[in-house]
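Reading through the structure tokens given below for one structure.
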Amino acid sequence: MTDRDLALKSLALRRRLLRLIHEAGAGHTGGGLSCLDILNVLYHRVLNVSPQTVDAPTRDRYVQSKGHCVEALYTVLADRGYFPDADLDTVCHYQSPYVGHPTRKIRGVEMNTGALGHGLPICLGMALAAKLDGASYRVFTLLGDGELAEGSNWEAAMAASHHQLDNLVGLLDHNTLQITGHTREVMANEPLDEKWRAFGWEVRSVDGHDYAQLTAALTTPPPKGKPLFVLAHTVKGKGVSFMENVAKWHHGVPSEVELAQALTELTAAEAKLREVHA
Amino acid sequence: MFTPAAQAMAAQLGLKQGRANLEAFAETLQTLAQADRNVVAVTSDSRGSGKLAPYGKALPRQIIEVGIAEQNLVGITAGLAACGKKAFGVSPSCFLTARSLEQIKNDVCYSNVPAVLVGISAGVSYGALGSTHHSLHDLAVLRAIHNLTIIVPADNTETRAAVRYAAQATRPVFLRFGKAAMLDVTPAGATFTAGRAVTLREGRDVAFLANGETVVHAQLAAALLAEQGVSARVVSLHTVKPLDTATVLAAGRESRAVITVEEHMLTGGVGEAVASTLLQAGLAPRFKMVGFPDEDTVTGAQADLFRHYGISMEGLAATALALLAS
């Protein structure tokens, strides 16, 4: 899939994501839009996974530590054929298996997440299992900025390099915002690259909306024995002008009018993209 | 642990001196791990207190050290279990079930991975080290989490069987061990089934429903009561969840009095589980819960604390006589 194909897909999935959240009446809009490109690159270019091999012992593992952005994950999984698109209309509905945070009841979801600071330790266990089995699969987790205040991440950061887990990848959706506002004001976590390097990780900074950069960072193996941390600079609310970099869209649900405006913008962006490449 | 009179009673009953349940656990796990390379122990600087040093020496590839980081220990154990490993996360119960409770709830139980969590040196095993090191809350909090089998073995025999059960379980299991050397109370030929209590002694006046390291004291108390013409049943309620309600209800129907005994705070422990089971079935025998009250625990070794709170042959016999006379 070319970068252009991915860009077009991302625009379509952004629209789907916004419709989903509008219909569900709940969801994490800003973070979903900021991590959607990362998820698209993972599921189309990086992860050795498919709907046909959900139980294959050798598959790569992806655990979404920032579980609140589940709508983006469900949207990408539906697009990849893990379950019918129509299922997305049931997210958060009474008795739906599509809970408002990732659940293993859903095909393709590896672990139940939602409480923050859990994904990385779980992925350490998975990466250790791969090492013990001499298996070549890799293990990925997506973290959020605010989440890094959870101490469990740093327990795992220390242990990952101690155990030389070069099959482990931590991705940060670094949009610099959390529910209250700017992360630097809530609980400053910079300099993140230096922190992760000090914990023994290979650190790569990329534009989290640039498919080529993300692909290169995620597919180039880290130095032997080093876990990989990809610091993906992103924009919260990416793709919708009035949502970009606005903290209230953390879990803001678009109204009819807002949804229509957002869909118009995204459709216009798609038309422009097609025109440029025509 | 025992008064001279209790020691004499144990000898009279022929109760064989065993080792600490922790040692029986570690030895069984090593045997299992030697036979199955998928068995993995995860420790938080706890291989010494978990008696797993010999295991670590024999099977260095099957023990994972995470340092003093219990949240990480449970997350890693869950991740290993999700990828086909029979992972045993081993850490003092006081830390394991408090600091990493959220990981137990979400990563293990809610995610439904077949991980085994082993709370070592549980209850007041650490004695005079104080409340930071006591786990008198663990069963209460774990009972309130869906999808967890909770087992508190009474002796080495139950311990070995519980570890073997946990190793083949397909759902989450919590095992709780103390570190005192135990007398073996399990009758020869008894079979262990998770969720099914073991009746160690029949009796109709009073029934002691106990678990873990308190069971032997109930067993001794029953023998002492027999000398005074009182017939006491003793049950090892090794599985706290799911509770063997049939055995509990039988005790309630067939005995004039029921006494629960536990190395746990009375709030939320096995006593309350038994009480609710009896009441909901319309049974109301004379009833007493023996355990740790909701107070600042006095200082002392485990044996001191047991005696202080009435978990002893003499204490339990006196409780039974008072209850029957009430």
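Throughout, a chain's letter reflects where its sequence line sits, starting with A, and its residues are numbered from 1.
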Looking only at B/N106, B/D107, B/I68, B/V74, the option with the highest number of non-hydrogen pairs under 4.5 Å against chain A is B/D107
What's the verdict on side-chain contact (heavy atoms from CB on, under 4.5 Å) for B/V66 and A/L124, showing C-alpha distance, side-chain angles and the deciding distance? CA-CA 10 Å; B/V66 305; A/L124 253 78; over 6 Å; no
Test item: B/S111 side-chain N/O and A/N112 main-chain N/O as donor-acceptor pair under 3.5 Å: yes
Quick test of your reading: applying side-chain hydrogen bond (donor to acceptor under 3.5 Å, both in side chains), list the pairs with at least one residue in residues 194-204 of chain A, sequence neighbours left out, ordered by first then second residue. A/E202-A/R204
Between B/E70, B/E65, B/Q103, which has the largest tally of heavy atom pairs under 4.5 Å with chain A? B/Q103
So do A/D133 and B/N38 actually touch side chain to side chain, heavy atoms under 4.5 Å? yes
Go through the atoms of B/Q62 and report whether side chain, backbone, both or neither lie under 4.5 Å from a heavy atom of chain A. neither
Please give me the minimum heavy-atom distance between B/N72 and A/A159, naming the atom from each residue. ND2-CB, 3.4 Å
Closest approach of B/N112 to A/R104 (non-hydrogen atoms, all atoms of both residues): O-NH1, 3.3 Å
Reported CD1-to-CG distance for the pair A/I122 and B/L80, which is rounded to 0.5 angstrom: 11.5 Å
What pair of heavy atoms forms the shortest contact from B/R37 to A/L132, and how long is it? NH2-O, 3.9 Å
Working note: A/H163 + B/I64, criterion side-chain contact (heavy atoms from CB on, under 4.5 Å); need CA distance, chi angles, decisive distance, verdict. CA-CA 9 Å; A/H163 286 289; B/I64 292 168; 4.0 Å; yes
Given heavy-atom pairs under 4.5 angstrom as the criterion, report whether the side chain, backbone, both or neither of A/K131 touches chain B. backbone
Between A/H118 and B/E102, does any side-chain donor sit less than 3.5 Å from a side-chain acceptor? yes
Flag the pair A/R61 / B/C83 as yes when at least one side-chain heavy-atom distance between them is below 4.5 Å, and no otherwise. yes
Given that the side chain runs from C-beta out, which part of B/V40 has a heavy atom under 4.5 Å from chain A: side chain, backbone, both or neither? side chain
CZ (B/R19) with more than 12 external heavy atoms under 6.0 Å: yes
Side-chain contact, heavy-atom cut-off 4.5 Å: A/E155 with B/L73? no
Whatever's closer than 4.5 Å to a heavy atom in chain B on A/T113 counts as neither
Nearest heavy-atom approach of B/A82 to A/M111 is CB-SD, 3.9 Å
